Amino acid sequence: MRRKIVVGNWKMNKTNEETKVFVKEFEGIAKSLLERKIIVGIAPTYLSLATAVKGSKKLLIASQNVHFKENGAYTGEVSVPMLKELKVKWVIVGHSERRQYFNETNETCNLKLKALVTGGLNPIYCVGETLKEFEDGLTKEVIKNQLVEGLKDIEASAVKSFVIAYEPVWSIGTGKNASKEIAEDICAYIRSIIRKLYSKAISERVLIQYGGSVKPENVKEYLGQTNIDGALVGGASLKVDSFKTLLENI
Ligand code: 13P
């Protein structure tokens, strides 16, 4: 059986001090969920990563982004060796907000994924269609391109420990979550693409999350789907109470 993985993506929220307080609250629940093979994590801003890593033994700590170069004249960017120094082991790549506001493309995602593989870090690679693409019936085509181009030239031995997050853009922060049937259909489709690109064995190992208006009330129905191994949670991960309830409801 595949493990489950639920990660709170904090986006541009929470100070260092707030991170410290939050992390303390979640050690206990993260430990007990780990015993049930459910990994719980958070992705705070760069500025709070060191605090999160230091304050937690059981939570998975992920960066929200990374640059693909190791160093150089890239004002405002952070590299794989810098994250490794902080003992960060996971990185979100290609979140739709980065694709939308910061011009990330499948090609830059591919460079970032390769940099993570080279550096020995684990990605959570985000894919998902916009509302227009969804309405035009292009969801699968978009997802396929994001996978084929994003994973180009990446070895099976690396991909087997990737997490892929399906986040339909129209469901992010809108309260309009995709139905469990849509989410399961697309997550199954993602697994079928991995099977074609790699192998059945690899496709069965890769963890696939759903993200987009995941709340305490709906988390269980997503995680109960055959091809959904977890959730990437935005808004509902920001308050101690709602994230705790969400985790308790799994
Ligand atoms: P919401 O849960 O706020 O819709 O955000 C989802 C998301 O973007 C997680 O990466």
Side-chain angles (χ1 to χ4, degrees), residues 4-14 18-19 22 26 38-46 48-49 52 59-66 88 90-104 106 109 112-113 116 122-131 133-134 139 142-143 146-147 150 162-180 182-184 186-187 190 207-223 225 228-250:
K4 303 272 184 207
I5 178 164
V6 177
V7 177
N9 174 12
W10 285 358
K11 310 188 179 185
M12 197 172 69
N13 291 290
K14 290 197 191 293
E18 287 166 339
T19 303
F22 193 101
F26 280 84
I38 302 169
I39 300 161
V40 180
I42 51 166
T45 72
Y46 287 138
S48 300
L49 283 170
L59 285 167
L60 172 159
I61 308 299
S63 172
Q64 297 174 18
N65 184 31
V66 72
V88 171
W90 287 83
V91 180
I92 297 174
V93 170
H95 190 279
S96 65
E97 286 147 17
R98 298 224 42 99
R99 292 179 188 259
Q100 192 179 346
Y101 306 129
F102 303 98
N103 301 322
E104 286 204 7
N106 294 337
C109 288
K112 291 179 183 205
L113 292 172
L116 292 176
N122 305 299
I124 298 175
Y125 179 44
C126 299
V127 297
E129 79 287 8
T130 62
L131 179 60
E133 289 161 345
F134 175 71
T139 301
V142 169
I143 304 276
Q146 289 171 334
L147 290 171
F162 278 23
V163 172
I164 297 178
Y166 169 53
E167 297 207 308
V169 180
W170 48 271
S171 74
I172 295 177
T174 59
K176 287 191 206 141
N177 50 305
S179 68
K180 62 179 189 306
I182 293 182
E184 166 63 11
I186 301 304
C187 291
I190 290 171
L207 298 181
I208 304 177
Q209 297 174 309
Y210 166 75
S213 298
V214 175
K215 304 280 179 234
E217 310 81 65
N218 60 25
V219 67
K220 200 178 167 111
E221 64 185 40
Y222 289 117
L223 268 64
Q225 303 303 306
I228 303 181
D229 308 310
L232 195 51
V233 185
S237 72
L238 290 174
K239 293 226 165 73
V240 168
D241 286 354
S242 70
F243 200 40
K244 262 196 185 159
T245 314
L246 187 149
L247 295 172
E248 283 161 6
N249 286 354
I250 294 174

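Each ligand, and each atom within it, is numbered from 1 in the order the structure gives. Throughout, residue positions are numbered sequentially from 1 according to the sequence presented. Keep in mind the model is a prediction, meaning the values are calculated, not measured.
- At least one N/O-N/O distance between Lys11 and ligand 1 falls below 3.5 Å.
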> Is there a side chain to side chain contact (heavy atoms under 4.5 Å, CB included) between Val127 and Ile190 once you walk through the steps?
Replying inline: CA-CA 9 Å; Val127 297; Ile190 290 171; 3.9 Å; yes

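- By the criterion of a heavy-atom distance under 4.0 Å, both the backbone and the side chain of Leu232 are placed next to ligand 1.
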>> Evaluate Asn177 against Tyr222 for side chain to side chain donor-acceptor pair (under 3.5 Å), listing each step before the verdict.
In response: CA-CA 11 Å; Asn177 50 305; Tyr222 289 117; 2.8 Å; yes

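- Residues passing the side chain to side chain donor-acceptor pair (under 3.5 Å) test with Arg99 are Asn106, Tyr125, sequence neighbours excluded.
- Closest protein heavy atom to atom 3 (O) of ligand 1: Gly235 N, 2.8 Å.
- The ligand atoms of ligand 1 that sit less than 4.0 angstrom from a heavy atom of Glu167 are 6 (C), 7 (C), 8 (O), 9 (C), 10 (O).
- Residue contacts with ligand 1: Val233 is placed with no nitrogen or oxygen under 3.5 Å of a nitrogen or oxygen of the ligand (distance criterion only).
- Here Ser237 contributes atom OG and Lys244 contributes atom NZ; the two are 14.5 Å apart, rounded to the nearest 0.5 Å.
- Geometrically, ligand 1 and Gly234 share a nitrogen or oxygen pair separated by less than 3.5 Å.
- The shortest N or O to N or O distance between Glu97 and ligand 1 is not below 3.5 Å.
- Atom NZ of Lys239 and atom CG of Asn13 lie 10.0 Å apart (nearest 0.5 Å).
- Below 4.0 Å from some heavy atom of Gly173 lie the following atoms of ligand 1, by number and element: 1 (P), 3 (O), 4 (O).
- Relative orientation of the Phe22 and Trp10 rings is perpendicular, given thresholds of 30° and 60° on the angle between their planes.
- Applying the 4.0 Å criterion to heavy atoms of Ser213 picks out, from ligand 1, the atoms 1 (P), 2 (O), 4 (O).
- Remark: ligand 1 atoms within the under-4.0 Å shell around heavy atoms of Ser171 are 4 (O).
- The two residues Val214 and Leu232 come nearest to each other via the heavy atoms CG2-O, 4.4 Å.
- Considering CD1 of Ile61 and CG of Leu59, their distance stands at 5.0 Å, rounded to 0.5 Å.
- Distances shorter than 4.0 angstrom occur between a heavy atom of Gly212 and an atom of ligand 1.
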